[in-house]
Amino acid sequence: MSDMSPPRLLHLAQKSLLGHEALAILSLDQLPREMFPALFMESFNNRLLDTLKAMVRVWPFEFLPLGDLMKWPQVDILRAVLDGLDMNYTQKSDCRRGKLHVLDLRDAGLNFWNVWAECTDDACSPEPKMRRQPVEHKQPKSALKVIANVYLTTATPDEFLTHLLQWVKERASLVHLCCHQLKISASLIHSMSKFLDILELGCIQEVEVFCEWQLSALAKFAPYLGRMGSLRKLSLANISVTSLVTIEEMMEFVSPFASQFAKLPHLRSLHIRSFYFVFNHLDQVLRCLKSPLETLFVKACLLSEADVCYLSQCPSLRELKHLHLRRVPLTHISPEPLQVLLERVAANLLTLDLMGCEINDSQLNAILPALSQCYQLTTLRFWGNRISMAMMEKLLEHTGNLSALRVEQYPAPLESYNTQGIVQRERFFHLCTQLMGILERIREPKKVVFSTDHCWNCAERMLFGLNHSNQCHCYLLD
């Protein structure tokens, strides 16, 4: 006999019912609600659009996580579902059963469908645990909430988003579009305004701008930012600023933008990646923050001595948990402000990322005492700095008491390179073996990797570490 289990009675009933779509639609109002999730999934997979439309009209739950089924934008599915909603929210439907109030279009991994798929045995039992009779709505129906992540990547959004936004706009009094994540990569802010005006800006929790915006575009975006009262994370990348712009010209655009931070009481994470955007006026950007940041991520930015000094004093960084200064040149900047900052946040700091900062021996030596006090630190990224073997040994000794460390990324000692800056493979592995031995004598390392700079020829790194190896083979060509 076959080891395969016979089809469950409920599955057979669903298949038979969907084989006669017209009958299935007529029967929906009489079906137990336990059958709806599995029946909806089957109709979705077979693209039975009329059935989906009818099921949405009588959906017996307040919540429909459509995005967890729709892994990519499917306009025909969206139209069917929205048409079903129209029967409840824009027409005087006599359906007493439909309870849907939240349509979630995100792929949020909520596990709703899997849970119901695993509950089919209960649904087939003589007394289903979740069975209940249709409930009459005695109160007027409230507005429908549609939750979606919105990606404005071109001046004209794709057909899926265009249809959704137009549908919401035409039903403004009945539908609220709650966007939790907003990403903008379109360069023309004036073309984005018509879409931003449709969104419930107070629902937005994350905003990412990664396009070549001029400073004037940033200033035009500022009023929208100020209305995002629930915002928790803001990312700004590629803001177009040249070294020829004067401080006065920068302030003309940056000040109105930064002033909006005072209207964002929940902002906890700020990411900035734009070479000249904060140079010499980081204080103007950060001083308007209303609440302490948990994450500050500054990447590929030029900072002045005054900027780094302000970081050490900024009241909004007192509860910092994640500090990323990645590819921020610090060679010609005094290490004392960074030392002071580490001392201030030592009790909370979980992540310290100083990759590609071109830190030298004397600078590292100055911050080591403060670094050794960061007992909560779980991640230390230090690749891309010019450190000697002697100072690497001292670094590992100072981090030896940081027992919470789980990820450690260290640069290859300077002695791993020849006078032309080319890595010497055998020397690199020998020195890293010594360093690993030092670390293992102090504590039990979890994930430690030593890395050379990128190879000039192939752009690969040579790596040495626990359960982690990779190497550039260009040395074989010499």
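Every heavy atom of this structure was used, including side-chain atoms; hydrogens, water molecules and symmetry mates were not.
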Distance only, no hydrogens: is a donor on one side chain within 3.5 Å (strictly under) of an acceptor on the other, for Gln166 and Lys169? no

So Leu323 and Val298, do their side chains get closer than 4.5 Å, heavy atoms only? no

Return the orientation label for the Phe40 and Phe44 ring planes: parallel under 30°, perpendicular over 60°, tilted otherwise. parallel

Please lay out, stage by stage, how Ile147 and Arg106 fare under the test side-chain contact (heavy atoms from CB on, under 4.5 Å). CA-CA 7 Å; Ile147 305 176; Arg106 303 169 301 164; 3.3 Å; yes

Member of Leu49, Leu52, Asp50 meeting the side-chain contact (heavy atoms from CB on, under 4.5 Å) criterion with Ser43: Leu52

Minimum heavy-atom distance between Glu358 and Thr331, given as atom pair plus value: O-OG1, 2.7 Å

Donor-acceptor contact below 3.5 Å, side chain His281 vs main chain Phe277: yes

List for me each residue that meets side chain to side chain contact (heavy atoms under 4.5 Å, CB included) alongside Cys314, sequence neighbours excluded, and say none if there are none. Leu286, Tyr310, Ser316, Leu317

Centroid-centroid under 6.0 Å between Phe450 and Trp383 rings: no

Tell me yes or no: between the side chains of Glu62 and His101, is some donor less than 3.5 Å from an acceptor? no

Using 4.0 Å as the upper bound for N to carboxylate O, is an ion pair formed by Asp353 and Arg327? no

Under a 4.5 Å cut-off applied to non-hydrogen side-chain atoms, are Ser372 and Leu402 in contact? no

For residues Leu267 and Ser291, report the shortest heavy-atom separation together with the two atoms involved. O-OG, 3.5 Å

Output the distance between atom CZ (Phe210) and atom CG (Asn238), rounded to the nearest 0.5 Å. 9.5 Å

Closest non-hydrogen atom pair between Thr351 and Leu349, with its separation: O-CD1, 3.5 Å

Do you know the tightest heavy-atom contact between Glu305 and Ile333? OE1-CA, 3.5 Å

Heavy-atom nearest pair, Gln376 first then Ala347, reads CG-O, 3.3 Å

Assess the residue pair Leu152 and Leu161 against the criterion (side-chain contact (heavy atoms from CB on, under 4.5 Å)); give the C-alpha distance rounded to whole Å, side-chain angles, the decisive distance to 0.1 Å, and a yes or no. CA-CA 9 Å; Leu152 299 176; Leu161 182 55; 3.8 Å; yes

Looking at Asn385 and Leu354, would you say the former's side chain and the latter's main chain have a donor-acceptor pair under 3.5 Å? yes

Before accepting this row, confirm whether a basic side-chain N of the pair Asp453/Arg461 lies closer than 4.0 Å to the acidic partner's carboxylate O. no

Given the rule in the side-chain contact (heavy atoms from CB on, under 4.5 Å) test, do Val75 and Arg79 qualify, once you have shown the distances and angles that lead to the verdict? CA-CA 6 Å; Val75 180; Arg79 283 199 179 101; 3.1 Å; yes

My understanding is that only residues two or more places apart in sequence, or in another chain, count here; which of them pass salt bridge (Lys or Arg N to Asp or Glu O under 4.0 Å) with Arg406? none

